[in-house]
Number of protein chains: 2
Amino acid sequence: MSKITLKEISKILGISTSTVSKALKNYSDINVDTKIRVQELAKKHNYTPNAFAQSLRSRETKIIGILVPELVHHFFSSIIDGAINEAEKHGYLVIVLQSHESYEDEIKQLKLLVDKNIDGIMLSLSDKTVKYDHIRTIINEGMPVVLFDKITHLIDCPKVIIDDRKAAFSATEHLIKTGCKKIAHITGPLKPKTTIDRFMGYKIALETYNMPFNKTLIYTSENLSFEDGYNLAGQIMAEHPDIDGIFAFIDPVAIGVLKRLKEDKIKVPKQVSIIGFSNWFMSRTTSPALTTIDQPGYQIGRNAFQLLLKNLNHKREGKPFTSETVEIPTSVIIRQSTRAIMAPVI
Amino acid sequence: MSKITLKEISKILGISTSTVSKALKNYSDINVDTKIRVQELAKKHNYTPNAFAQSLRSRETKIIGILVPELVHHFFSSIIDGAINEAEKHGYLVIVLQSHESYEDEIKQLKLLVDKNIDGIMLSLSDKTVKYDHIRTIINEGMPVVLFDKITHLIDCPKVIIDDRKAAFSATEHLIKTGCKKIAHITGPLKPKTTIDRFMGYKIALETYNMPFNKTLIYTSENLSFEDGYNLAGQIMAEHPDIDGIFAFIDPVAIGVLKRLKEDKIKVPKQVSIIGFSNWFMSRTTSPALTTIDQPGYQIGRNAFQLLLKNLNHKREGKPFTSETVEIPTSVIIRQSTRAIMAPVI
DNA sequence: ACATTTACCGAAAACGTTTTCGGTAAGTTT
DNA sequence: AAACTTACCGAAAACGTTTTCGGTAAATGT
């Protein structure tokens with residue numbers, strides 16, 4: 001019942017396996033009649049080449065790996081979605097792994113992928129990763145690697161990113177332009193680059209619009225959770241009752257804030273405007289719906305695979321790897337948790 | 001720079017590849033000194049066996065495939081999360097594919113997996129799938145397959161499910177027990193088994209509690225979207241202003257309903273109770289937070305892999321496949337969109 | 001009639017591993 | 001001293017595919 005091989009076909013037809021192989025691949029030095037006989041028999045028995053044997057010879061699996069910190073996450077699953085679909089178009093399958101934001105796991109999972117001889121790796125770094133030799137080693141051994149979203153510039157390889165600083169600038173700018181005078185920022189765990197970038201975007205926006213930067217307006221959410229937002233909102237309004245804008249690191253936190261403010265009878269956006277980050281699915285379902293920053297995960301995944309593919313081809317052709325960085329634009333999704341724009345609308 | 005092989009080790013040490021192979025695998029007919037020499041050299045050069053070559057011999061890849069209708073979906077990504085983690089524990093990697101709810105894609109993706117000679121498949125059927133020969137064929141050719149969530153009993157293989165009917169019964173029962181007298185049900189697209197099961201659970205609950213079943217209280221959401229819920233809520237309240245409970249097929253629909261009722265100044269749960277299904281992440285972030293049914297995706301994934309593993313082993317040992325069905329229990333997550341239980345609490 | 005081209009096919013090696021089946025040399029038993 | 005173990009190692013085949021390099025026979029050119 002199991003699959004037929006070249007050898008079996010050759011035996012049935014009384015010809016050599018080389019001829020069968022060539023007939024199926026339409027080599028020019030095979031008689032048309034022979035080709036037809038072979039191809040018909042192959043079709044009849046539903047011949048498909050044995051992938052192991054092909055890989056063993058070609059040293060290619062047509063499988064890539066993708067390692068993300070967490071899979072159950074709208075942003076990352078969108079990226080994977082984009083990558084899988086793009087990969088499929090080019091005949092590649094995708095193994096998905098998670099580092100669970102652990103440096104050790106990241107190393108372990110990468111080793112699993114390398115040992116399986118997959119063709120390339122798409123990688124988003126864990127928050128804990130601050131050393132990069134494990135990745136450099138892999139690249140030096142000839143494995144094409146593309147970094148996306150959680151990246152470091154200390155590794156020389158293609159990268160796909162969004163400009164967090166620019167996006168955070170836009171978010172803060174939106175609050176300013178809609179009339180906010182005193183804006184708090186809920187930031188994330190200290191180390192990751194995204195935390196710093198979003199904070200910097202916030203700060204630069206204030207400076208650009210000649211607004212004072214006040215350190216006490218920075219609050220930290222350790223877990224980036226709904227609950228964190230809920231609790232911090234209470235603290236913020238207690239310490240700074242005159243606040244009129246909050247820029248949260250990420251949507252769930254913003255939604256926690258929103259819920260708390262509503263419970264405390266603080267009008268959103270009349271008294272306090274709220275802007276989130278990431279455009280999670282649920283952000284359009286809150287009341288009022290949450291203004292936020294859209295991070296196009298699907299496109300990031302698509303682009304990352306395309307960069308990977310380029311290097312897969314380079315490798316096959318013996319060319320050196322590229323290491324370009326692609327920036328995917330973000331946009332402000334204006335909903336009802338911020339006030340209407342005051343400047344004349346075009 | 002690339003990986004060292006048995007042959008190269010054997011050349012360096014001046015012994016045969018067979019000896020090297022056996023030394024690394026601790027065969028008893030190899031001298032201890034030789035073993036040590038081989039193992040040290042292997043470690044020094046970071047030897048890892050070539051996976052293709054192993055697979056070619058053993059006919060095993062240690063890779064499984066998982067095919068879901070959509071990846072970007074909290075429920076499915078949780079399932080995949082559970083499957084990946086469980087698989088990893090047993091040395092398996094996971095290729096993820098999507099059918100995008102298309103019958104043709106399902107066939108195509110399954111073929112990709114089969115052609116790659118992966119060891120087994122975890123599958124959740126697309127909504128469009130009503131014929132199952134493509135799956136039966138795969139199983140008959142010896143591929144271990146496990147069905148989960150979107151299943152059919154017309155295929156003889158292991159299955160992991162939740163009892164939708166029972167869960168829907170509990171949901172409706174909860175509304176009844178908290179005092180609802182006239183309950184509408186928003187159902188999904190007609191064909192899928194889940195739609196029918198949840199509808200049946202609703203209906204049976206009504207009958208059980210001697211409440212009339214009224215056909216006009218059944219509304220259909222084609223897209224199972226937030227927007228559908230939003231719009232249907234308006235329709236429902238217009239046609240049945242005296243309704244006091246709504247059981248929605250799935251959380252986003254319920255949240256759409258919630259938002260609309262709030263906009264229409266209808267008190268939830270005072271005037272109308274709402275219960276959803278699936279316990280999406282966002283359901284605890286709404287105000288009032290949504291009462292819903294928890295479907296433990298992670299556990300489903302875990303269990304499905306365990307069943308698959310059992311058959312992977314059976315296959316290796318030449319035993320026939322099992323075909324047990326595991327039911328994962330659901331639970332009602334009581335939040336604020338339904339009233340407090342009236343009966344004495346135990 | 002001989003030389004040369006063309007058309008077609010197959011042997012063989014290679015990818016890297018695993019395992020069976022001997023085989024040799026040393027040591028042990030009668 | 002002959003027979004027999006034991007300890008250790010290697011040759012070889014197998015998994016299935018791909019591609020190079022000839023090789024043979026027929027067809028064509030002088």
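Chain identifiers are assigned alphabetically (A, B, ...) following the order of the sequence lines, protein sequences preceding nucleic acid strands; residue numbering begins at 1 within each chain.
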Student: Between B/S21 and C/dT17, is there a contact of a side-chain N or O with OP1 or OP2 at under 4.0 Å?
Tutor: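 Negative; the distance criterion is not met.
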Student: If I take atom CG in residue B/L6 and atom P in nucleotide C/dT18, what distance separates them, rounded to the nearest angstrom?
Tutor: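 So the two atoms are 6 Å apart, to the nearest Å.
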Student: Just jot down the salt bridge (charged side-chain N to carboxylate O under 4.0 Å, His left out) partners of B/K159, sequence neighbours excluded, or say none.
Tutor: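 Once residues adjacent in sequence are excluded, B/K159 has no partner under the salt bridge (charged side-chain N to carboxylate O under 4.0 Å, His left out) criterion.
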Student: List the residues meeting side chain to side chain donor-acceptor pair (under 3.5 Å) with A/S323, not counting sequence neighbours, and say none if there are none.
Tutor: A/D156
Student: Output the rounded distance in Å from CG (B/L56) to C1' (D/dT18).
Tutor: 13 Å
Student: Between C1' on D/dG16 and NZ on A/K25, what's the gap in Å once rounded to a whole number?
Tutor: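 It works out to 13 Å between those atoms.
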Student: At under 4.0 Å between heavy atoms, which parts of nucleotides 5-10 of chain D does protein reach? Answer with one letter per nucleotide, 5' to 3': B base, S sugar-phosphate only, - none.
Tutor: ---BBB
Student: Output every pair passing salt bridge (Lys or Arg N to Asp or Glu O under 4.0 Å) with a member in residues 71-93 of chain A, not counting sequence neighbours, ordered by first then second residue.
Tutor: A/E86-A/K89, A/E86-A/R302, A/E88-B/K108
Student: Who pairs with A/K111 by side chain to side chain donor-acceptor pair (under 3.5 Å), at least two apart in sequence or on another chain?
Tutor: A/D115
Student: Respond yes when some side-chain nitrogen or oxygen of B/R57 is under 4.0 Å from OP1 or OP2 of D/dA13, and no when none is.
Tutor: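 The answer is no; no side-chain N or O of B/R57 sits under 4.0 Å from OP1 or OP2.
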Student: Considering residues at least two apart in sequence or located in another chain, which fulfil the side chain to side chain donor-acceptor pair (under 3.5 Å) criterion with A/E70?
Tutor: none
Student: Rounded to the nearest Å, what distance is computed from the CG atom of residue B/N117 to the P atom of nucleotide D/dG16?
Tutor: 10 Å
Student: Enumerate the side chain to side chain donor-acceptor pair (under 3.5 Å) contacts for residues 37-59 of chain A, please, sequence neighbours excluded, ordered by first and then second residue.
Tutor: A/K3-A/T48
Student: I need the OH-P distance between A/Y27 and D/dG22, as an integer number of Å.
Tutor: 17 Å
Student: Looking at residues at least two apart in the chain, or sitting in another chain, which of them share a side chain to side chain contact (heavy atoms under 4.5 Å, CB included) with B/I107?
Tutor: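 B/I107 satisfies side chain to side chain contact (heavy atoms under 4.5 Å, CB included) with B/Y103, B/H134 only.
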Student: Taking salt bridge (charged side-chain N to carboxylate O under 4.0 Å, His left out) as the test, write out the residues that go with A/K25, two or more places apart.
Tutor: none
Student: May I have the distance from A/R59 (atom CZ) to D/dT17 (atom P), rounded to whole angstrom?
Tutor: 18 Å
Student: Rounded off to whole Å, could you give me the CD1-to-C1' distance for the A/I9 and D/dT18 pair?
Tutor: 15 Å
Student: Please report the end-to-end axis angle for the helix from C/dA1-D/dT30 to C/dT30-D/dA1, five pairs per end, rounded to 10 degrees.
Tutor: 60°
Student: State plainly whether the residues B/K22 and B/D29 are in salt-bridge range, i.e. N to O under 4.0 Å.
Tutor: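 Between B/D29 and B/K22 there is a salt bridge, with a charged N closer than 4.0 Å to a carboxylate O.
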Student: If the threshold is 4.0 Å, N to carboxylate O, is there a salt bridge linking A/E324 and A/K310?
Tutor: yes
Student: Just to confirm, is there a sub-4.0 Å distance from OP1 or OP2 of C/dC15 to any side-chain nitrogen or oxygen of B/K7?
Tutor: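 Affirmative; the distance criterion is met.
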Student: Would you jot down, in residue-number order, the residues of residues 38-53 of chain B having a non-hydrogen atom under 4.0 Å from DNA chain C?
Tutor: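 Per residue number, the list reads B/Y47, B/P49, B/N50, B/A53.
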Student: Within this structure, what is the CG-to-C1' distance between B/L24 and C/dG16, rounded to whole angstrom?
Tutor: 13 Å
Student: Return no unless some side-chain N or O of A/Q54 is found under 4.0 Å from OP1 or OP2 of D/dG16.
Tutor: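 No, A/Q54 has no side-chain N/O under 4.0 Å of OP1/OP2 on D/dG16.
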Student: Strictly by ring pair (Phe, Tyr, Trp, His ring centres under 6.0 Å), give each pair with a member in residues 301-321 of chain A just once, sequence neighbours left out.
Tutor: A/H90-A/F305, A/Y92-A/F305
Student: Closer than 4.0 angstrom, basic N to acidic O: yes or no for A/E101 and A/K150?
Tutor: yes
